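Scroll down for the structure; my scribbles are underneath it.
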Amino acid sequence: MKALILVGGEGTRLRPLTTTLPKPLLPVANVSFVERTLRRLAEVGCDEVVLSTCYKSEAFDHLAQRSEVRVRTVVESEPLGTGGAIGWAARGFDERFLVLNGDVLTDVDLEWVISSHAAFAGEATIVLTPVDDPSRFGVVPTDDGSRVIEFVEKPAPGTAPTNMINAGTYVVEPGMLERIPSGRAVSVEREVFPAMAAEGVLFGLASDAYWLDFGTHATYLQANLDCLSGALREPVPGRELSPGAAVRVDDGVEVAPDADIAGPAAIGAGTTVGAAASIGPDAVVGADVVIGEGAEVARSVLLDGAVIGAAARLDGVIVGGGGAVASGSVLGPGSVVPPGAGPVHVPRGGR
Ligand code: GTP
């Protein structure tokens, strides 16, 4: 089976983190989202994955050398929107395929999704997930037979017919491609799915699996911490620092003897933690990070190559790849430090 991952968006809500790396290549607990997804697709026997790229398309090139699954990138010269991107990247597909949004972290069982679609026998099946506030999403009411009644993109607050929303995972029959006009931007959520719902050929599959759209600073931080806590059932790289400590460290990490590391935490390869520094709880530290003497980092995510000055205090902060925090700085919840001006720090998992 083939799969398509939509990775071409600019990720404007995640700026400035996305000024150097596209959102799907940002690490989540030290493994990029795309790497996580390729692993899941290989597990269900996908033989080819197409990355539908546009913004910073060249940043995905290194993934083509993977061995578990064949990866191909298809580039749009200008953004075609979610529907146009599917139509362009999947042209020529002549069998059923999977489509995954590049900013949805989930552990939904893809085998179950594929077999449910086969049983529904519709033109496409959308995975649905419940949320507290559906007004920011595509809301998808279904009948007793799981057939989608209508597709309401971003309804006004309080008007949504259900709290079940489009979870960004689809199984699609190749015939759906004929519905997508070529040569212009098309939104699958606003044009293609509503038309399919009106014809009764679209099905919705309610899932209670972990699901998070990590497209904002708050949800990106949450995604990292959910990996640490085990809320997302996927492994965190590295080995246990000591039994039961819930601290995972990768190769070549150097921790000063009097530094204090409180789990859950993860520290990426080649990172150094200075004397009397304190890391965690709830800290994801990327690869090749330098943490100065006496610095304190909790409930934060530091991307690869970040440099944290001595005695800096970070709580609820995201530091972009190669970003620098001056000695003695105090940064609180919601702070985002831009990526550094140096070389782009591609997540190690993707090298
Ligand atoms: P924001 O700008 O912050 O809204 O993020 P985004 O650019 O990722 O947009 P959005 O969250 O709506 O996109 C959902 C998914 O579709 C993401 O995985 C995007 O990478 C992808 N996507 C959005 N627009 C396009 C496009 O024009 N082309 C391609 N190939 N992918 C797209």
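Only heavy atoms go into these numbers, but all of them, side chains included; no hydrogens, no water, no symmetry mates. Since we're looking at a predicted model, the values are computed, not measured. Counting starts at 1 for both ligands and their atoms, in listed order.
The distance criterion of under 3.5 Å between nitrogen or oxygen atoms is met by L6 with respect to ligand 1. Of the N or O atoms in L80, one or more lie within a sub-3.5 Å distance of an N or O in ligand 1. For the pair D103 and ligand 1, the shortest N or O to N or O distance falls below 3.5 Å. Taking any N or O of G102, backbone or side chain, at least one lies under 3.5 Å from an N or O belonging to ligand 1.
Salt-bridge annotation for R299 and D315: present, with a side-chain N of the basic residue lying under 4.0 Å from a carboxylate O of the acidic one. Between R15 and E10 there is a salt bridge, with a side-chain nitrogen of the basic residue lying less than 4.0 Å from a carboxylate oxygen of the acidic one. A salt bridge between E68 and R39 is absent, with no side-chain N of the basic residue lying under 4.0 Å from a carboxylate O of the acidic one. Under the 4.0 Å criterion applied to side-chain N and carboxylate O atoms, E78 and R184 are not assigned as salt-bridge partners. Note on R96 versus E123: no salt bridge recorded, every NZ/NE/NH1/NH2 to OD/OE distance being 4.0 Å or above.
Those atoms of ligand 1 that come under 4.0 Å of a heavy atom in E10, given as number and element, are 7 (O). In summary, the atoms of ligand 1 found under 4.0 Å from a heavy atom of P79, numbered by their order in the structure, are 27 (O). Per-residue contacts place R13 under 4.0 angstrom from the following atoms of ligand 1 (heavy atoms of the residue considered): 1 (P), 3 (O), 4 (O), 5 (O), 11 (O). Those atoms of ligand 1 with a heavy atom of K23 less than 4.0 angstrom away are 5 (O), 6 (P), 8 (O), 11 (O). Per-residue contacts place A85 under 4.0 angstrom from the following atoms of ligand 1 (heavy atoms of the residue considered): 28 (N), 29 (C), 30 (N).
Among V99, L14, L51, T82, the residue whose heavy atom sits closest to atom 16 (O) of ligand 1 is T82.
Relative orientation of the F214 and F33 rings is tilted, given thresholds of 30° and 60° on the angle between their planes.
In terms of modelled atom types and a separation under 3.5 Å, the side chain of N101 and the main chain of V104 share no donor-acceptor contact. With T271 contributing its side chain and D288 its backbone, the two residues share a donor-acceptor pair below 3.5 Å. A donor-acceptor contact shorter than 3.5 Å links the side chain of T106 to the backbone of Y210.
Scanning all protein heavy atoms for the shortest distance to atom 20 (O) of ligand 1 gives G9 N, 2.8 Å. Scanning all protein heavy atoms for the shortest distance to atom 31 (N) of ligand 1 gives G8 N, 3.1 Å. At the top of the distance list for atom 30 (N) of ligand 1, counting protein heavy atoms only, stands E76 OE2, 2.6 Å. For atom 26 (C) of ligand 1, the nearest non-hydrogen atom of the protein is G81 N, 3.6 Å.
Contact annotation: for T12 versus ligand 1, heavy atoms closer than 4.0 Å belong to both the backbone and the side chain.
Within a 4.0 Å radius of atom 18 (O) of ligand 1, the protein contributes at least one heavy atom. Protein non-hydrogen atoms do not reach within 4.0 Å of atom 12 (O) of ligand 1.
In this structure, K2 is positioned above the aromatic face of F93, its NZ or CZ under 6.0 Å from the six-membered ring centre and within 45° of the axis.
Just one residue in the list S57, P22, P24 forms a side-chain contact (heavy atoms from CB on, under 4.5 Å) with V7, and that residue is P24.
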